[in-house]
Each structure stands twice: as C-alpha cells, then as structure tokens.
Amino acid sequence: MPTVSVKRDLLFQALGRTYTDEEFDELCFEFGLELDEITSEKEIISKEQGNVKAAGASDVVLYKIDVPANRYDLLCLEGLVRGLQVFKERIKAPVYKRVMPDGKIQKLIITEETAKIRPFAVAAVLRNIKFTKDRYDSFIELQEKLHQNICRKRALVAIGTHDLDTLSGPFTYTAKRPSDIKFKPLNKTKEYTACELMNIYKTDNHLKHYLHIIENKPLYPVIYDSNGVVLSMPPIINGDHSRITVNTRNIFIECTGTDFTKAKIVLDIIVTMFSEYCENQFTVEAAEVVFPNGKSHTFPELAYRKEMVRADLINKKVGISLWFVHSFFRETPENLAKLLTRMYLKSEVIGDGNQIEIEIPPTRADIIHACDIVEDAAIAYGYNNIQMTLPKTYTIANQFPLNKLTELLRHDMAAAGFTEALTFALCSQEDIADKLGVDISATKAVHISNPKTAEFQVARTTLLPGLLKTIAANRKMPLPLKLFEISDIVIKDSNTDVGAKNYRHLCAVYYNKNPGFEIIHGLLDRIMQLLDVPPGEDKGGYVIKASEGPAFFPGRCAEIFARGQSVGKLGVLHPDVITKFELTMPCSSLEINVGPFL
Amino acid sequence: MADGQVAELLLRRLEASDGGLDSAELAAELGMEHQAVVGAVKSLQALGEVIEAELRSTKHWELTAEGEEIAREGSHEARVFRSIPPEGLAQSELMVDSMEDEVQRRLQLVRGGQAEKLGEKERSELRKRKLLAEVTLKTYWVSKGSAFSTSISKQETELSPEMISSGSWRDRPFKPYNFLAHGVLPDSGHLHPLLKVRSQFRQIFLEMGFTEMPTDNFIESSFWNFDALFQPQQHPARDQHDTFFLRDPAEALQLPMDYVQRVKRTHSQGGYGSQGYKYNWKLDEARKNLLRTHTTSASARALYRLAQKKPFTPVKYFSIDRVFRNETLDATHLAEFHQIEGVVADHGLTLGHLMGVLREFFTKLGITQLRFKPAYNPYTEPSMEVFSYHQGLKKWVEVGNSGVFRPEMLLPMGLPENVSVIAWGLSLERPTMIKYGINNIRELVGHKVNLQMVYDSPLCRLDAEPRPPPTQEAA
C-alpha cells in the first residue's frame, strides 16, 4: 500500500478546517485511508541517522497516509484534498477539460525503432501554471509515487516533465545506440554518452534500480526536440536543458512505456492533479502523438465514461435492504446517487426511476466494473452502518480426510510421549541432501529460482532435517528429546498439473545417550495399532525388513512395509548425519508416508 | 550435648516459661553456643506444630580484637604516656604532660553493654578505627505450637503397605507435607501451540458448517495463484522480490485451456461487464510455477470445481495451511506462515452477510468489538479490513481482511451470475502470538522453537479470558 506524506498544516489549510489527530484518523478510516504515522522530517532523520544529523531539519508536522494501491488519484496532497472535500460535500468534483492550443499543437513523433524496447508514448501540456515551493515539491513527489506504484518502478511507464519554454517542437521519440546518445543529464555539469551514464549511475542509490530495464538492449529510448536537444532518456533520466523549476510556467509532459493503458492513466492523473494551478483551472492543453504507422492520437484522453447501474442491485449487493421489507432500511435511488457523487462519481437517477447513471471521471481508472461502483456506494453509506445479517446458506461440514487423520494421529503421538515440532517447508539443499549423505539429484526436490538466502533453496523432501535442527537448537533441554511432526513434503511429479506433489509425512526422532531403537520401533508398533494395521505381511498388515540408507548406521536400518507397499524407514542415524546436524548423542528416527493409511 | 538433648531441654524450659523464650538468652543460660540452640529450634520446627519460632534480628555493638585489647590495657596513646619513666623525658621528646584515656573509657562502656551511651559520631569514629563493629544477631522467639508436647517422637514420612496391613498407621504420627512445594510433572508429549490454535480454528469452522478445502499443494502455477484471481500480470505481488518462483519444475504442465482463454480475455479485453485491464496477457507468465503466496489459490481451484457441477449448490468452505512469501524477515515475519481462509458461495450474498458471518466467527474467538474499514484487494470488491478493539493496546488493530470476490474472477469460472462469493482471511501466527504472549515469531515457528515454551503452553481456549501479559520469567 503506498504511503503519501503531506504537511499537516498545508493539508488543513486546503481542507479549510483543522482536525485533531483523532478526528482526522476517523475521517481516514471512514474513507478507506489509514493515518499511518504522525511525524516530521526531523523525527524521520533522527530515527534513521541519529539526532546529530537531524539537528537542522524541519519539524513541520507530517501526516503519513496509507492509500489503497488502486487509487492513483490520492497519491498527492491535491488529490487527497479533492477526494475528501467531495466526500464531505464541501466542493463539487471539478470537471477536467482538454483544449486545443491557440497556436500550433505540440507534436511528439514516435519512430519505429522504439517498437522493440518501449513502444508507447503519450504527451500533454500544462499551460500558465503557477508553482510555489510546496506545489513544486508535490509535483515531483507525485511523479515519484506514480513511478513506484502503477509504473512498476518505471518498467511499465516513465514520466518526463519539461520546461516547454526552453524547447522547440515537434519532438521525436526514437531509439538509438547508446554510444550515439550524448547529452547533459539532470544534476550534472557536462555531457556524457548513454554508455558513460549507465556506468556512472551504477553507484547512484536512486537510479541504479532502473538501469536493468534498458541495460542490455542494443538501442536506448531517447526524446529530442526539433533542435536536437535531448528531453529525456526514458526510463532513466531527463536532460538538464529542459529541467523544470519553481518558476516554470509551461510544462511539457511525456510518458513512455510498455503498457499503453497505464501510460494514458499516468498522464491523466498528472494533468488532472496539477491543472488545478493553471491559469485556466482544470484545463489541459492537448498534444498530438504520431505513431510509427502514421496515425495521430490526441492526448491526454481525459475520458469520461458513463455506467448504468440499477439502484436495487446496489441495495442488494451491499445488503442494505435484502432482508428488510421496510423501506426504512433501503436507500432510495436518489440517495444512492448522492452517495456515489460523494465518492467522486457524479450520478443521477434516470429512466424508470431505478436506473442510476454514473459518470466515471478520468481520475477514477480503478472503476472497471459495476462492483467497484457498489463498493463506493457502500463506503459512502458507511460500512459500519450496514446491518449485519447471517446468510441462510445451509451446508453440512466435512473435513479434508487427510487433515482429519492427521489431527487424530498427532493427539495420540503426544499421548505416546512425543512432543510436536513445527518446522519450515523450505530449507537448503544441504539439509535434504549433503547432510543426509544423499545426492541432491536423487531427492527429486523442487528448486526455488530466486531464494534470497540458502535457507530457501528447495522445498523439503523429508521432515527429518527439520526435527534434527530443532534438537540442535534445544540442546540445553533435558534428555531424552522425543519429537514428532506430521506435515507435508514436496516431490517432483510429472503426473500432476504443476509437476510437483505434496505428501503427508509422519516423522519422529528419539535423541538420548543411547540410540533407543526399541523406543522408535515401539512407536511404530503403536502407530500401526492406532491405524488398525496388524503385524504380519498378510491381510494388509505391516512388517519391517532389514534395509540400508545413507542416513542410517549400517545394519541399523529397516524399511517399513504396510498394506502391501513400502511406506518409510526407521533406524539409528549414521554418526556422520548426527555430526553434520551439530548433534553429539545417538539418535534413532522413523519417517512414514501417511497417505496409504487413509 | 546432642541435638535431641538440647531440643528436650528447650521444650522443658518452654513448658515452664510464660509465653515463650529467646534462643540467645536460653543459650546464655545453658552456657552453650547459640548455634546449638538454633539447630534444636529447626529440628523441632520440622516436626510440625510442636513449636512456633519467629525469627528476630537485633543489632548491637561489639568490640573488635583490637578494641578488646584497648579496653583492657588502654589506648595506644595512653600506653605511650604511661611508658614514660617517672623521672620524665626531655621536653623535646614529650609533647603532652598529662592525659585521660577517653578511648579506653568509651570502649569499656560498649563492653559493659552501654553502647547507647555513646553518641552516633563517637561510635562511628571508633568503627572507622576498627575498634568497634556493629553485629546483627539472628535469634528465635520460641513459643508453644498448637501440637506442643515435651515428648517428641520420630514421625513417619509416608504410608506403607505394611502400616496398612498391620494397622500401625493408627498410632504413628506422620510428617506433614509441604504443600508449597511443586509436584513432579508427568512424563508426557506435548502438542505445538500454533497447531493447537489451528485445531481450534478448524473446530470453529466445523461448528459453523464449513467444509475443509484440500490445500495439500504448496507448488502452484501463477495461473491459479494470480491470473484466476484477476490479478494482473504486472501486479507487484508477482515480482521476484515478493514471490518464490521455481527453477525446477519451472512451468505448469497442464492448465484448463478453455477457462484459461476466458481468463485471458477478461484481463486483456474485459467482459462480464468489466473494462478489463487492457494489456497483453501472456500464457508464459501464467505457466510460471511458484510457491503459493496465499491459500486463495486453493479456494480458486475449489470454486472452479464447484462451477463445473450443475446445478449450482451453495457451499461454505475453509482452509488453514502454509503460504510462502519471499519477504524480508523480522521478529514478526517469516518466509512461510499459515493462512486461515473462509469462503461462502450462494445466491444473493451481500456485504451485510459478510459482516454477519465475520461477527459470528470472531465472537467464537472471543472478539466482540468489530469495525470495518474500506480497503483494496485485487480480487475482492467490495473489500473490507476487519479491526477489533484491543483492550491492552487501547486501540483498534487489524485482525483480518475480507471481501466479495470480483465478478471478473467468478464468471470466467462458470459460476452463475447471481451467485456471490464472500471470503475472509487472517494469519494463524498473529492470534497465536497474542494468545501466548510471544514476541519473536522464531520462538514459535521453525526449528529455533523454544521447546520449554512448547512443554509449558496451556490449552488453547480462544473464547476464554486471556491471562495477564507474561512477565520476564519465561526464558
């Protein structure tokens, strides 16, 4: 969930009133936001770098507000204020307009070289804008928030904003060999080639995260103006020439990307949020983008869409009236329209008096289905005002048979004097292979491709390593240690749809000054008694037969056969295994597959 | 004198005494070491109610060895003075001409038991000179007990089979038990606290008529884990940083292709009343295998199976099992944890129903004060986070997440249009940590578990009053 940090006093000024922290927290809760933290720059720095560094920092109170991940329109102060003011019916939602310029329209021409690397671009102009320091900071911060969220760390979309008065169109969006791109980037004093820049940014804490997006591509995306001035090299860095400042009056915005839909949403969000500060409020100047196929499109789209939803559907989905005949509990279509309007969705009752027509503004890209409208109606109605009822769904409960058996078994394992462990399903290759004297290829384990540490290389193929590690972590406990676990292991299996299968295993270990094979053997006898499997090879009975295994001491290992199939092994662990798990005492173990006993 | 004799003497004196006697005084009267009397007191105490002994401590001043010498022979200064011959010494060799031995006088006062006649300052001066020491004397004030008797006989410790058969137990006194001592814990196995809580949650769902879904597949395809839930392929949760993907087997071998086509269309073009996400949906991305990041993938499979059965029958499902996240680990987060999930599918379910079911569910957990907050989940709309008022923290804390599954998830499965599915989820670890007062999740889950904690953990009774927060004693 993205967190937006805004200056409290600035926020209250824009909201036209002050709140106590509790009141504002309550308002957030109602609206689906969360006042996550109340802090200041000073506090943040002192927490992260100590009091000394924080000495000169600002102690203006900051509200950190958690915003739902799909509400891009609430990622800046301007959007938050507009959303809350409309919610509280203090203002009407503004109408965003796209206008053609008096003079020539700004043009961005996309060449076909971009197709393989970053094929889409959209653009718009904010004319006669008036920044202040706070507005300017918010403008930069919004771009950063969009980059981190909907833009997927610039992979899907990257935003470039430029001082239009320093440039001259038409602009060209193309892709070139990195050695052929040379310009002075933001915050540098001289020109570098793209190759040099990629090298320099390897150590830049902010930019290094974006390099991988284009790094190994033969051509890098780049935007020029008609004089060959570089506007930006998306998605890495803008040129210094067209940098915007607090005094910039006319802004050219370009968004390039691999996801056309998202690029259009991002552009819409930026211009709807900041056209507030244009001389003609909420008015955006169009720009023309010419695609490689020669077709022209005008942006920003700023599309308003109409949806039709029946009032009784909303009532029914929210549950405002379903079980109550009295109209007292039902919201009238007019009231529902009013509720939706409070959610920035201008609505009115039309037709037979049960239809609500909802206008979805360009800021609400998250509304893609009637269910999104239903949710907004419910939020405006107040979740906590909804009458709670129980569904009349009549069902008979069943347990999953494997879990039912597991529950029964684990209670009797404890009754037999063994203590239950709960170990990780993920572990290192070493745990399931090397330490047990087995080759990893023989384990048929599934392998994880992106583990952050060796602890998460594979899914376990046996429960034994987890139990031995549990003993190793509890060596101070009095002996004997008697542990068990009944849980799943995973084995590759090409007969399943995903190519792997879980097996429910039961594993037990006995750790003491003597190996205690007879104890583990006795436990097996008890388990078979519990499962109603008689001793003996016939009539579905069980028997153990001398066997061997690299994890066991020679001559001290037996295979368990039950109901006509091999279900596991028991024995005294090999001293090498004991040593590799950092243990010092003899140990015997038992591990069986529970599945065959269902 | 043997212990027994001292004890007998003590009892006889006590019988004659008026109320009681002091162990130190008795020792002085009998002319024996105080320690011997103390020994007798203790052995009589062990017999039960024969005597009552109250420990008293008194402080008094005693001379040190050097102090004794000075009290006897005079202070060093005085001795020097006295050693001057009657004929005197040369004036240059003698600084004083007469003196009174004040130190000796004071020490003699202390020796005579009149230390209180000296001022605080004078005593401390003598103490600094190591001539005087303050001694604490522990004595017993002994009085008759409820079973006082001057004749003491050896008490039996335990009842024996012989005593029962001979009947001798009737005449024998028995040594009293110390009921303050701890008993011997039984030799037993123990269930793991987290899994005890799991059992209770299963019980609650079963009591509410919910059927358990199969969740025995840790490995899942991206399709069932994300795409089927209408979670777009560029969603951050599908990032390498959040999800464990598999190298082997890297891709799912089979997917239900008819259904896959419907899912693809819904993502890329919309449909079922939805605008869709309008992006280029890729089958390769859906095939990628991973360790499931939630049990909702299993719920999706269960709902898909349900949709294939005609006619539709309402269901209530639940599951509790492991899920995996490639996250940064800390005191409350591990790479794997247990997710609890409840699902109800029926005609015409509403948000009010969801809230009603949640209220019943949480009431069974002993949580009655609930509040619902609007939230965003990719696959539910409307969505609501569930908060409960925490008495200890004095604030609202999140206890679960819930919502109504999106039509874009349900309709491609083939579920009828007027069927709604409400669902909620929470982690098993968090309520368990709160229940058992555990701060570090590693002490609870995984091989670093504290076995003593497992041995000592009480029954899990979710609706019973929680005990007061644990103190530091637990190691």
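Note that this is a predicted model, so its numbers are computed, not measured. Note on naming: letters A, B, ... go to the chains in the order of the sequence lines (proteins, then strands), and numbering restarts at 1 for each one. In what follows, every heavy atom counts, from backbone to side chain, and hydrogens, waters and symmetry copies are set aside.
- Checking each of B:T243, B:N289, B:L290 against B:S222 for a side chain to side chain contact (heavy atoms under 4.5 Å, CB included) leaves exactly one that passes, namely B:L290.
- Taking the six-membered ring where tryptophan is involved, the planes of A:F120 and A:F260 are essentially parallel, since the angle between them stays under 30° and well short of 60°.
- In summary, the aromatic rings of B:F324 and B:F244 are positioned with their centroids too far apart to meet the 6.0 Å limit.
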From CA spacing to verdict: side-chain hydrogen bond (donor to acceptor under 3.5 Å, both in side chains), A:R460, A:S487: CA-CA 11 Å; A:R460 64 185 173 198; A:S487 189; 2.8 Å; yes

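- No part of B:H347 comes within reach of chain A, as not one of its non-hydrogen atoms sits under 4.5 angstrom from that chain.
- For A:N398, the parts lying under 4.5 angstrom from a heavy atom of chain B are both the backbone and the side chain.
- Between A:G499 and B:P249, the closest heavy-atom pair is O-CG, 3.4 Å.
- Minimum interatomic distance between B:A345 and B:V421 (heavy atoms only, all atoms of both residues): CB-CG2, 3.7 Å.
- When heavy atoms are compared at a cutoff of 4.5 Å, B:L291 approaches chain A solely by way of its side chain, counted from C-beta outward.
- Interface check for chain B: of the options A:K317, A:R410, A:E455, A:M477, the most heavy-atom pairs under 4.5 Å are formed by A:R410.
- Taking the ring centroids of B:F205 and B:Y317, they lie at or beyond the 6.0 Å cut-off.
- Ring geometry for A:F87 against A:F31 counts as tilted: the plane angle lies between 30° and 60°, on a 0 to 90° scale.
- Taken to the nearest 0.5 Å, the CZ atom of B:F361 stands 10.0 Å off from the CZ atom of B:F318.
- Of the atoms belonging to A:Q399, heavy atoms from both backbone and side chain fall under 4.5 Å from chain B.
- With chain A as the partner, the residue from B:E381, B:K448, B:Q254 showing the most heavy-atom pairs under 4.5 Å is B:E381.
- With a 4.5 Å cut-off on non-hydrogen atoms, A:T453 does not touch chain B at all.
- Between chain B and the residues A:H411, A:M413, A:R305, the most heavy-atom pairs under 4.5 angstrom are made by A:R305.
- Between B:H447 and A:A473, the closest heavy-atom pair is O-CB, 3.3 Å.
- Of all non-hydrogen atoms in B:A252 and B:S221, the two that sit nearest each other are CB-CB, 3.7 Å.
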Taking it one step at a time, do A:T496 and A:K501 satisfy side-chain hydrogen bond (donor to acceptor under 3.5 Å, both in side chains)? CA-CA 7 Å; A:T496 66; A:K501 196 175 167 187; over 6 Å; no

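- The contact between A:F424 and chain B is made by backbone and side chain atoms together, counting heavy-atom distances below 4.5 Å.
- Proximity to chain A (any heavy atom under 4.5 Å) is restricted, for B:R202, to the side chain, taken from C-beta onward.
- Between B:F405 and B:F230, the ring center distance fails the sub-6.0 Å criterion.
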Begin from the C-alpha positions of A:H447 and A:Q457 and carry the test side-chain hydrogen bond (donor to acceptor under 3.5 Å, both in side chains) through to its verdict. CA-CA 6 Å; A:H447 290 258; A:Q457 287 173 323; over 6 Å; no

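- Of the two parts of A:V446, the backbone and the side chain both hold a non-hydrogen atom closer than 4.5 Å to a non-hydrogen atom of chain B.
- B:L354 does not touch chain A: none of its heavy atoms, backbone or side chain, sits under 4.5 Å away.
- Contacts between B:V357 and chain A at a heavy-atom distance below 4.5 Å involve backbone atoms as well as side-chain atoms.
- If you measure heavy-atom distances from A:E30 to chain B, the contacts under 4.5 Å come from the backbone alone.
- Heavy-atom distances place no part of A:L468 under 4.5 Å from chain B, backbone and side chain included.
- Looking at B:D216, the atoms closer than 4.5 Å to chain A (heavy atoms on both sides) sit in the backbone and in the side chain alike.
- With a 4.5 angstrom heavy-atom cutoff, A:L33 touches chain B only via backbone atoms.
- Contact annotation for B:S420: only side-chain heavy atoms (C-beta onward) come within less than 4.5 Å of a heavy atom of chain A.
- Proximity to chain A (any heavy atom under 4.5 Å) is restricted, for B:Y272, to the backbone atoms N, CA, C and O.
- Judged purely by distance below 3.5 Å, without hydrogens or angles, the side chains of A:T393 and B:K316 never pair a donor atom with an acceptor atom.
- For a residue to count as touching a neighbouring chain, one of its non-hydrogen atoms must lie under 4.5 Å from one of that chain's; by this rule A:R152 touches chain B with the side chain only.
- For the pair A:Q148 and A:K153, the minimum side-chain heavy-atom distance is below 4.5 Å.
- With chain B as the partner, the residue from A:L422, A:N149, A:T423, A:I386 showing the most heavy-atom pairs under 4.5 Å is A:L422.
- At a 4.5 Å heavy-atom cutoff, the contact between A:K492 and chain B is made by side-chain atoms alone.
- A:H369 has its side chain within reach of B:R406: a pair of non-hydrogen atoms, C-beta onward, lies under 4.5 Å apart.
- Only the backbone of A:I396 comes within less than 4.5 Å of a heavy atom of chain B; no side-chain atom from C-beta onward does.
- Contacts of A:M1 with chain B are made by side-chain atoms alone, with heavy-atom separations under 4.5 Å and no backbone atom involved.
- Here the side chains of A:Y383 and A:F29 are not in contact, with every heavy-atom distance at 4.5 Å or above.
- Minimum interatomic distance between A:I150 and A:L156 (heavy atoms only, all atoms of both residues): O-CD1, 3.8 Å.
- Of the two parts of B:L194, only the side chain, counted from C-beta on, holds a non-hydrogen atom closer than 4.5 Å to a non-hydrogen atom of chain A.
- For B:E220, the parts sitting under 4.5 Å from any heavy atom of chain A are the backbone and the side chain alike.
- Both the backbone and the side chain of B:D239 come within less than 4.5 Å of a heavy atom in chain A.
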side-chain hydrogen bond (donor to acceptor under 3.5 Å, both in side chains) assessment of A:R504 paired with A:N403: CA-CA 9 Å; A:R504 183 68 44 91; A:N403 291 356; 3.0 Å; yes

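- For B:E327, the part lying under 4.5 angstrom from a heavy atom of chain A is the backbone only.
- Interface remark: of the candidates B:M355, B:K278, B:Q240, B:H192, B:H192 forms the most heavy-atom pairs closer than 4.5 Å to chain A.
- Top candidate by heavy-atom pairs under 4.5 Å with chain A, chosen from B:R287, B:H235, B:M213, is B:H235.
- Among A:I448, A:V374, A:D488, A:L481, the residue with the largest count of heavy-atom pairs under 4.5 Å with chain B is A:I448.
- Ranked by heavy-atom pairs under 4.5 Å with chain B, the first of A:V490, A:T470, A:D376, A:I471 is A:T470.
- Both the backbone and the side chain of B:R371 come within contact range of chain A, with heavy atoms under 4.5 Å apart.
- Residue A:R71: no heavy atom, backbone or side chain, is found under 4.5 Å from chain B.
- With a threshold of 4.5 angstrom between heavy atoms, A:F484 approaches chain B through side-chain atoms but not through N, CA, C or O.
- B:W224 touches chain A through its side chain: at least one heavy atom from C-beta onward sits under 4.5 Å away, while N, CA, C and O do not.
- Between chain B and the options A:E26, A:K476, A:K482, A:E307, the largest number of non-hydrogen pairs under 4.5 Å is found for A:E26.
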